[in-house]
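Quick notes on the structure that follows.
Computation of the quantities below employed the complete heavy-atom set of this structure, encompassing side-chain atoms and omitting hydrogens, waters and symmetry-equivalent molecules.
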Amino acid sequence: HVQLVESGGGSGQAGGSLRLSCAASGSKSSVRSMAWFRQTPGSEREGVAEIYTSGGRTYYDDSVKGRFTISLDNARKTVNLEIDSLIPEDTGIYYCAARFRGDCFGGLDGNYWGQGTQVTVS
């Protein structure tokens, strides 16, 4: 079991930056990747960034490429998401996820989930 706690959410101004963090604890030996998802009203939860624990490969949704950066420490204790050049469309609830299935980007099954943190861009 993996426990995830997000922090760093809040309000940001368009053009500014925010840094989200996710603290992971528990048994992480089977975790294949760590990821950030986003959900907005009227939309389903979607993947925005992912980083694999072995090799450090990263994947991003096209809508955030060049503005979002995901990183993971060596102990897989903390996964961060740096959001630059904020735009109103970045508004939503951001969820940290630990993925153990290692399937395609944005997959919702086989994930441990954090509680989510609200990001609001004006």
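Note on residues 9-23: pairs passing side chain to side chain donor-acceptor pair (under 3.5 Å), not counting sequence neighbours, are Ser17-Asp84, Ser21-Asn80. Sorted by first and then second residue, the ring pair (Phe, Tyr, Trp, His ring centres under 6.0 Å) pairs involving residues 65-110 (not counting sequence neighbours) are Phe100-Tyr112. Contacts classified as ring pair (Phe, Tyr, Trp, His ring centres under 6.0 Å) and involving residues 15-35 (residues at least two apart or in different chains) are not found.
A continuous path of hydrophobic side-chain contacts links Leu81 to Val31 [ILVMFWY only; heavy atoms under 4.5 Å]. One hydrophobic cluster, built from ILVMFWY side chains closer than 4.5 Å, holds both Trp113 and Ile93.
Counting all heavy atoms, side chain and backbone alike, Gly106 lies closest to Phe37 at O-CE2, 3.5 Å. Scanning all heavy atoms of the two residues, the minimum distance from Ala98 to Val2 falls at CB-CG1, 4.2 Å. Between Arg99 and Gly107 the shortest heavy-atom distance is NH2-CA, 3.4 Å.
Note that the OG1 atom of Thr58 and the CE atom of Met34 stand 15.0 Å from one another [nearest 0.5 Å]. Atom-to-atom distance recorded for Arg38:CZ and Leu20:CG is 11.0 Å, nearest 0.5 angstrom. Considering CD of Gln115 and CG of Leu4, their distance stands at 9.5 Å, rounded to 0.5 Å.
Listed for the Asp61 side chain is a donor-acceptor partner under 3.5 Å among the backbone atoms of Ser63. The closest donor-acceptor contact from the side chain of Glu6 to the backbone of Gly116 lies under 3.5 Å. Under the 3.5 Å distance criterion, the side-chain polar atoms of Arg67 are matched with a main-chain donor or acceptor of Ser85. Side-chain atoms of Tyr60 come within 3.5 Å of backbone N or O of Ile70 as a donor-acceptor pair. Under the 3.5 Å distance criterion, the side-chain polar atoms of Gln39 are left unmatched by any main-chain donor or acceptor of Glu44.
Within the 4.5 Å cutoff, no side-chain heavy atoms of Glu89 are placed close to those of Thr91. Using a 4.5 Å heavy-atom cutoff, the side chains of Trp36 and Val79 are in contact. Within the 4.5 Å cutoff, the side chain of Leu72 has no heavy atoms near those of the Thr78 side chain.
Residues satisfying the side chain to side chain donor-acceptor pair (under 3.5 Å) test with Ser7, not counting sequence neighbours, are none. With sequence neighbours excluded, no residue forms a side chain to side chain donor-acceptor pair (under 3.5 Å) with Lys77. Qualifying side chain to side chain donor-acceptor pair (under 3.5 Å) partners for Asp73, counting only residues two or more places apart in sequence or in other chains: none.
With respect to Arg57 and Glu50, no salt bridge is recorded, no charged nitrogen being found less than 4.0 Å from a carboxylate O.
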With side-chain contact (heavy atoms from CB on, under 4.5 Å) as the test, would you mind laying out the steps for Ile87 and Val121 before giving the verdict? CA-CA 6 Å; Ile87 59 176; Val121 182; 5.7 Å; no

